Number of protein chains: 2
Amino acid sequence: MGDVFKALADPTRRTILDELAERDGQTLFEICARLANHDQLSLTRQGVSQHLAVLEEAGLITTRKEGRYKFHYLDTTPLAAIFERWPITGKGQTP
Amino acid sequence: MGDVFKALADPTRRTILDELAERDGQTLFEICARLANHDQLSLTRQGVSQHLAVLEEAGLITTRKEGRYKFHYLDTTPLAAIFERWPITGKGQTP
DNA sequence: TTGACAGGCAAGTAGTGGCTTGCCTATCGT
DNA sequence: ACGATAGGCAAGCCACTACTTGCCTGTCAA
């Protein structure tokens with residue numbers, strides 16, 4: 001299991017998560033197309049593929065293979081560990 | 001305002017947050033000592049200082065100067081943005 | 001006022017990460 | 001069977017980042 005925080009550190013990976021949040025179960029090429037279209041993000045298919053690998057390693061996405069297609073599904077459960085570690089207190093600001 | 005995710009990406013910075021969660025309002029030297037003692041982490045005072053700067057830039061800690069001391073306070077409010085962006089759904093796992 | 005203490009400001013270095021390029025495998029349609 | 005499609009593997013490059021070293025500033029106690 002990879003590092004969830006490191007996976008979230010990259011802006012492109014966060015955008016990928018956004019894409020999957022909006023439309024779950026996309027394939028690699030679909031994600032590539034969507035990133036290029038309404039995110040103006042231009043990167044190689046390999047780039048996206050590597051990002052997906054990192055996200056899967058972190059447990060933020062799960063995959064399902066079907067024939068020559070590989071579908072990617074968002075899984076936000078690892079994020080819960082963040083709040084267990086540092087509970088959110090509304091206090092903030094120095095008094 | 002810096003990147004919250006990038007700030008969380010480094011393990012040392014997360015340990016620093018843990019320290020502040022356990023004992024809030026510590027000074028730079030105190031944090032250095034605690035990291036060295038019960039975290040077995042050996043790094044220069046500068047290293048810690050730079051980490052604190054990143055965390056402050058990300059809004060995860062606030063500082064209060066008093067004389068020659070500078071106290072550091074944990075602020076977890078920026079973390080809320082994570083959950084607003086990707087709500088945690090207990091579903092998980094591919095069916 | 002002098003020295004000890006708390007912290008800041010660089011500049012330099014080794015390592016990591018994101019991205020590309022090039023080539024290879026597997027599955028589907030015709 | 002053959003080409004097109006969907007994806008994987010591996011090496012190489014560039015940029016960033018964590019960390020150190022060295023020096024400098026400001027504050028307190030004696």
Side-chain angles (χ1 to χ4, degrees), chain A residues 1-20 23-37 39-58 60-73 94, chain B residues 1-20 23-37 39-58 60-73 94:
Chain A
M1 190 86 139
D3 193 336
V4 182
F5 299 97
K6 259 185 193 164
L8 289 172
D10 189 83
T12 306
R13 278 196 286 270
R14 278 171 292 191
T15 310
I16 291 178
L17 292 183
D18 288 335
E19 288 296 341
L20 288 179
R23 182 188 233 261
D24 209 15
Q26 287 188 76
T27 167
L28 172 57
F29 277 75
E30 285 175 330
I31 297 173
C32 285
R34 287 175 70 100
L35 287 179
N37 290 348
D39 287 298
Q40 309 288 61
L41 250 166
S42 78
L43 52 140
T44 317
R45 172 182 58 88
Q46 295 302 338
V48 180
S49 181
Q50 288 167 0
H51 281 307
L52 288 173
V54 174
L55 289 171
E56 188 175 7
E57 257 296 303
L60 285 167
I61 65 176
T62 57
T63 60
R64 182 173 59 95
K65 253 199 119 178
E66 193 169 336
R68 58 176 162 175
Y69 297 104
K70 188 178 180 185
F71 303 102
H72 302 263
Y73 299 91
T94 357
Chain B
M1 190 88 140
D3 194 336
V4 182
F5 299 97
K6 259 186 193 160
L8 289 172
D10 189 83
T12 306
R13 279 196 286 267
R14 279 172 295 197
T15 310
I16 291 178
L17 292 183
D18 288 336
E19 289 297 341
L20 288 179
R23 181 187 235 261
D24 209 14
Q26 288 188 75
T27 168
L28 172 58
F29 277 75
E30 287 175 328
I31 298 174
C32 285
R34 289 175 70 99
L35 286 179
N37 291 346
D39 286 300
Q40 310 287 59
L41 250 167
S42 78
L43 52 141
T44 318
R45 172 182 58 87
Q46 295 302 337
V48 181
S49 182
Q50 288 166 0
H51 280 309
L52 288 173
V54 175
L55 288 170
E56 188 175 8
E57 257 296 304
L60 285 166
I61 66 177
T62 57
T63 59
R64 183 173 58 94
K65 254 200 118 176
E66 193 169 335
R68 57 176 164 176
Y69 297 104
K70 188 178 180 184
F71 302 102
H72 302 264
Y73 300 92
T94 359

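Scope of the values below: all heavy atoms of this structure, side chains included, with no hydrogens, waters or symmetry mates. Values in this document were obtained by computation on a predicted structure and should not be read as measured data. Note on naming: letters A, B, ... go to the chains in the order of the sequence lines (proteins, then strands), and numbering restarts at 1 for each one.
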Side-chain N or O of B/Thr12 closer than 4.0 Å to phosphate OP1/OP2 of D/dC19: yes
Polar side-chain contact B/Glu66-D/dT27 base: donor and acceptor under 3.5 Å: no
A/Lys70 side-chain N/O to D/dG8 phosphate OP1/OP2 under 4.0 Å: yes
Interatomic distance where CG belongs to A/Leu55 and P belongs to C/dG18 [whole Å]: 10 Å
Phosphate OP1/OP2 of C/dT20: any A/Thr44 side-chain N/O under 4.0 Å: yes
Under-4.0 Å side-chain N/O to phosphate OP1/OP2 contact, A/Ser49 with D/dG8: yes
Pair of N/O donor and acceptor under 3.5 Å linking D/dG8 base with A/Arg68 side chain: no
Protein-nucleotide distance (B/Leu43, atom CG; D/dA18, atom C1'), rounded to Å: 10 Å
Least distance between heavy atoms, A/Arg23 atom then A/Gln26 atom: O-NE2, 3.1 Å
Under 3.5 Å: donor-acceptor pair, side chain of B/Arg34, backbone of B/Leu20: no
Least distance between heavy atoms, B/Asp24 atom then B/Tyr73 atom: OD1-CA, 3.2 Å
Whole-Å gap separating P (C/dG18) and CZ (B/Phe5): 15 Å
Separation of C/dA6 C1' from B/Phe71 CZ (nearest whole Å): 11 Å
Which nucleotide in D/dA18, C/dG7, D/dA10 has an atom nearest any side-chain atom of B/Phe29: C/dG7
Integer-rounded Å distance: C/dG8 C1' and B/Tyr69 OH: 17 Å
Sugar-phosphate, base or nothing in reach of B/Gly67, heavy atoms under 4.0 Å: sugar-phosphate
For atom CZ of A/Arg14 and atom P of C/dG17, their distance in whole Å: 16 Å
Nearest listed nucleotide, side chain of A/Gln46, among D/dA10, C/dG8, C/dG7: D/dA10
Side-chain (A/Arg14) to main-chain (A/Ala9) donor-acceptor, under 3.5 angstrom: yes
Contact nearer the 5' end of DNA chain D, comparing A/His72 with A/Gln50: A/His72
D/dC19 OP1/OP2 closer than 4.0 Å to side-chain N/O of B/His51: yes
Euclidean distance, atom CG of residue A/Asp3 to atom P of D/dA18 [Å, nearest integer]: 13 Å
Residues in side-chain contact (heavy atoms from CB on, under 4.5 Å) contact with A/Val48, at least two apart in sequence or another chain: A/Ile16, A/Leu28, A/Ile31, A/Cys32, A/Leu35, A/Leu43, A/Leu52
Sugar-phosphate only, base, or nothing, as touched by B/Lys6 at under 4.0 Å among non-hydrogen atoms: sugar-phosphate
Whole-Å gap separating P (C/dA6) and CG (B/Leu52): 15 Å
Of the listed nucleotides C/dG18, C/dC9, D/dG7, the one nearest the side chain of A/Arg13: C/dG18
Per B/Arg45 side chain, nearest of listed nucleotides C/dG8, C/dA6, D/dT17: C/dG8
Closest heavy-atom pair and its distance - B/Ala58, B/Val4: O-CG2, 3.6 Å
